[in-house]
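All values derive from a computational prediction rather than experimental measurement. All chains are named by letter (A, B, ...) in the order of the sequence lines, taking the proteins before the strands, and each is independently numbered beginning at 1.
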Number of protein chains: 2
Amino acid sequence: MELKTTTDIRIIKADSSKINSVDFENLTFGNIFTDHMLICDYNNGKWEQPVIMPYEPFTLDPSAKVFHYGQAIFEGMKAYKDEHDDVWLFRPDQNFDRFNKSAVRLAMPEVPEDVFLGGLHKLLEIEKEWVKKGFGNALYIRPFMIATGSGVVAAPSTQYRFTIILSPAKSYYSGEVKVVIAEHFSRAANGGIGAAKAAGNYSGQFYPTKLANEQGFQQIIWTDDATHTKLEEAGTMNVFFRINDTLYTAPISERILDGVTRKSIIELATKEGIDVQVRPVLVDEIVEAAKNGTLQEIFGAGTAAVVNPIVGFSYKETYYELPKPENSFATFIKQQLTGIQYKQIEDTFGWTVKI
Amino acid sequence: MELKTTTDIRIIKADSSKINSVDFENLTFGNIFTDHMLICDYNNGKWEQPVIMPYEPFTLDPSAKVFHYGQAIFEGMKAYKDEHDDVWLFRPDQNFDRFNKSAVRLAMPEVPEDVFLGGLHKLLEIEKEWVKKGFGNALYIRPFMIATGSGVVAAPSTQYRFTIILSPAKSYYSGEVKVVIAEHFSRAANGGIGAAKAAGNYSGQFYPTKLANEQGFQQIIWTDDATHTKLEEAGTMNVFFRINDTLYTAPISERILDGVTRKSIIELATKEGIDVQVRPVLVDEIVEAAKNGTLQEIFGAGTAAVVNPIVGFSYKETYYELPKPENSFATFIKQQLTGIQYKQIEDTFGWTVKI
């Protein structure tokens with residue numbers, strides 16, 4: 001695919017760049033932003049002209065609906081630089097499609113392709129110096145939309161702002177990740193917004209995650225809210241289980257995000273000859289597999305971390321340590337996927353898009 | 001109870017008041033705000049000095065966590081004026097308690113009583129001209145807290161802003177309210193944040209409500225997300241059913257808001273000799289009661305509308321029209337409750353608090 005570049009973007013350049021003040025070797029994820037952002041406002045039933053402008057604060061009425069009713073969605077993407085200084089995106093069409101699905105579910109207007117993808121293309125052209133060469137370096141891309149209309153009545157806004165901000169990144173997680181399987185708390189309801197990348201899905205996870213942190217676990221594996229018997233997501237990532245050399249992951253549903261990394265892993269692993277089973281994964285079978293030694297790996301999958309190995313899990317007060325896998329699927333898949341993203345391995349899938 | 005008035009509030013008065021430009025006879029709910037607001041920021045692990053200042057926009061970084069992760073909670077309250085020009089609140093301690101329960105569930109800091117209740121007291125003293133005399137007139141109070149810290153990483157903020165804004169109001173709903181019983185969509189998960197007054201609980205309702213609106217219904221009666229067999233809330237209100245002169249409402253749970261109007265109705269109706277049963281209410285029994293003529297009334301209960309009669313409901317494509325009740329419980333309860341709120345009926349419960 002190729003990104004459409006819209007010509008109808010107003011560009012206001014920053015007077016100077018702060019790039020030289022940034023220590024690219026010591027980045028905390030998601031805290032530093034580039035010189036420019038793209039904004040596009042929705043008023044009177046239509047999208048206005050997008051503007052690329054210096055990164056600066058928003059000014060919003062205290063009654064803005066995003067503050068009161070959580071009408072807000074986002075995406076997470078990354079740009080990578082190859083050896084020839086070319087900048088690449090990974091499956092941006094998937095993020096664009098999902099963003100607009102989230103918009104529909106939250107009763108927000110869909111963002112046109114030339115604003116989302118065309119605008120991103122133009123913004124990355126301007127900020128390409130912020131994408132650093134070298135494996136592991138990336139520019140994290142955060143497109144998001146908030147309800148900017150005012151009024152404390154629980155109804156959809158009539159005004160919105162779509163924005164893209166960019167943050168230079170190394171890797172998202174570090175250290176060993178131990179998880180706890182949720183027995184009480186949940187992240188999503190049947191018929192709810194769990195499949196949307198909606199702001200409201202995240203705030204509810206903070207308290208249970210804090211409780212898990214206090215017990216020495218980094219993340220929670222979320223289970224279905226009705227029975228807590230099915231394993232669904234790990235923290236803010238999709239989750240994979242390797243048992244007897246077969247890779248299992250839950251099917252997407254209203255409760256589970258249709259992750260771009262998840263679907264890429266399913267395709268890539270299948271192509272590499274790994275048996276991938278997409279079906280509900282039960283807590284009981286994982287516990288049983290851990291006990292009888294057939295559970296080889298668990299790993300999370302998401303844009304920020306790509307692949308995030310999990311070293312053990314706790315369930316009903318018992319901690320199950322996973323073996324150190326030989327021929328780790330997580331390691332192999334991460335190498336393949338990041339190899340494609342950094343253009344070190346041939347992209348036979350057609351996933352990478354050049355800026 | 002009495003409200004503590006804190007002395008430690010900085011007050012910056014507006015140069016002039018816009019009160020004379022407001023048409024108090026033609027108010028749209030939640031769109032006009034008074035001259036002043038109270039804000040109190042949380043930084044470095046503690047609450048700063050509260051400030052009462054002119055109502056003005058907030059300035060927030062585009063990466064503020066409220067925009068991305070929905071870390072935001074609120075309350076809804078009302079101030080009323082009696083015949084002697086005194087201003088009254090209704091059970092403000094209940095809203096304060098619930099606000100801090102919401103804060104805990106969203107991993108936000110609890111707001112001190114002298115900031116929330118003391119600050120509200122002081123703010124209402126300053127804005128008392130905005131509370132108009134006369135039955136039906138009220139000043140809607142919106143305390144809320146948002147995560148103001150920046151950074152696109154899904155973790156709790158370290159910075160917050162607590163705010164109180166005030167909006168003159170008449171009544172919330174008008175016209176006949178027909179509802180549809182949810183068969184697919186849901187508002188809350190078991191182990192989720194449905195019992196918190198969290199921003200993220202509202203945005204997910206907009207799309208299903210829009211679909212209901214398009215079919216001629218004003219609201220949705222939400223059912224439990226696992227089985228859709230239990231009736232839980234009506235729109236953003238708690239819901240009551242009158243069958244054979246008994247009043248039924250669902251018990252509060254993790255999925256159902258502990259409504260102040262709801263609990264007041266239970267107490268008031270019980271005291272007035274009405275049989276009130278707090279237990280799960282099944283869709284099937286309501287449909288059956290509608291069919292055999294024993295279903296007399298359905299009404300919503302909430303701060304904005306107080307009591308909101310429902311004239312009929314749709315379930316599985318069939319519309320059930322309710323009879324026009326003689327000796328309506330909804331009418332009687334609303335008269336009693338608003339009578340107490342406006343100090344026209346003696347408050348034997350100790351619910352009203354003078355400013």
| B:M108 versus chain A, the contacting section by heavy-atom distance below 4.5 Å | neither
| request: Could you tell me which of A:R255, A:K210, A:E254 has the largest number of non-hydrogen atom pairs under 4.5 Å with chain B? | output: A:E254
| query | Checking side chain to side chain contact (heavy atoms under 4.5 Å, CB included) for the pair A:D61/B:Y55: CA distance, chi angles, key distance, verdict? | reply | CA-CA 9 Å; A:D61 194 85; B:Y55 187 93; 2.5 Å; yes
| request: Report the distance from atom CD1 of A:I193 to atom CZ of B:F206, rounding to the nearest 0.5 Å. | output: 10.5 Å
| message | Restricting to non-hydrogen atoms, name the atom on B:A226 and the atom on A:A226 that form the minimum distance, rounded to 0.1 Å. | response | CB-CB, 3.6 Å
| field | Spatial distance of atom CD (A:Q71) from atom OH (B:Y202) [nearest 0.5 Å] | value | 14.0 Å
| task | Please state whether the side chain, the backbone, both or neither of B:I146 comes within less than 4.5 Å of a heavy atom of chain A. | result | side chain
| request: Can you label the angle between the A:H68 ring and the B:F144 ring as parallel, tilted or perpendicular, going by 30° and 60°? | output: tilted
| field | Value rounded to 0.5 Å, distance of CZ in A:F67 from CZ in B:F74 | value | 14.5 Å
| message | Is A:M145 in contact with chain B via its backbone, its side chain, both, or neither, using a 4.5 Å heavy-atom distance? | response | neither
| field | Leading residue by heavy atom contact count with chain B [cutoff under 4.5 Å; candidates A:I165, A:T209, A:N201] | value | A:I165
| query | Side chain, backbone, both or neither: which part of B:S150 has an atom under 4.5 Å from a heavy atom of chain A? | reply | backbone
| task | For chain B, find which of A:S203, A:G70, A:P208 contributes the most heavy-atom pairs closer than 4.5 angstrom. | result | A:S203
| message | Please check this pair: side chain of B:S186 against backbone of A:N190, looking for a donor-acceptor N/O pair closer than 3.5 Å. | response | yes
| Between B:L106, B:N31, B:D224, which residue shows the highest count of heavy-atom pairs closer than 4.5 Å to chain A? | B:L106
| query | Does any non-hydrogen side-chain atom of B:Y140 lie less than 4.5 Å from one of A:V152? | reply | yes
| field | Side chain, backbone, both or neither of B:E56 within contact of chain A (heavy atoms, under 4.5 Å) | value | backbone
| So what's closer than 4.5 Å to chain A heavy atoms on B:L60: side chain, backbone, both or neither? | both
| task | For each of A:A64, A:A196, A:S157, A:A155, tally heavy-atom pairs with chain B at distances under 4.5 Å, and name the one with the top tally. | result | A:A155
| message | Counting heavy-atom pairs under 4.5 Å with chain A, which one of B:S167, B:G194, B:G200, B:P62 comes out on top? | response | B:P62
| query | Any sub-3.5 Å donor-acceptor pair from A:R105's side-chain atoms to B:Y207's backbone N or O? | reply | no
| task | May I ask you to test the B:S63-A:R142 pair for a side-chain heavy-atom distance under 4.5 Å? | result | no
| request: Heavy atoms only, distances under 4.5 angstrom: which of B:G76, B:G30, B:P156 has the most pairs with chain A? Name it, please. | output: B:P156
| said: Using a 4.5 angstrom heavy-atom cutoff, name the option from A:A182, A:G204, A:A72, A:A198 with the most pairs to chain B. | reply: A:G204
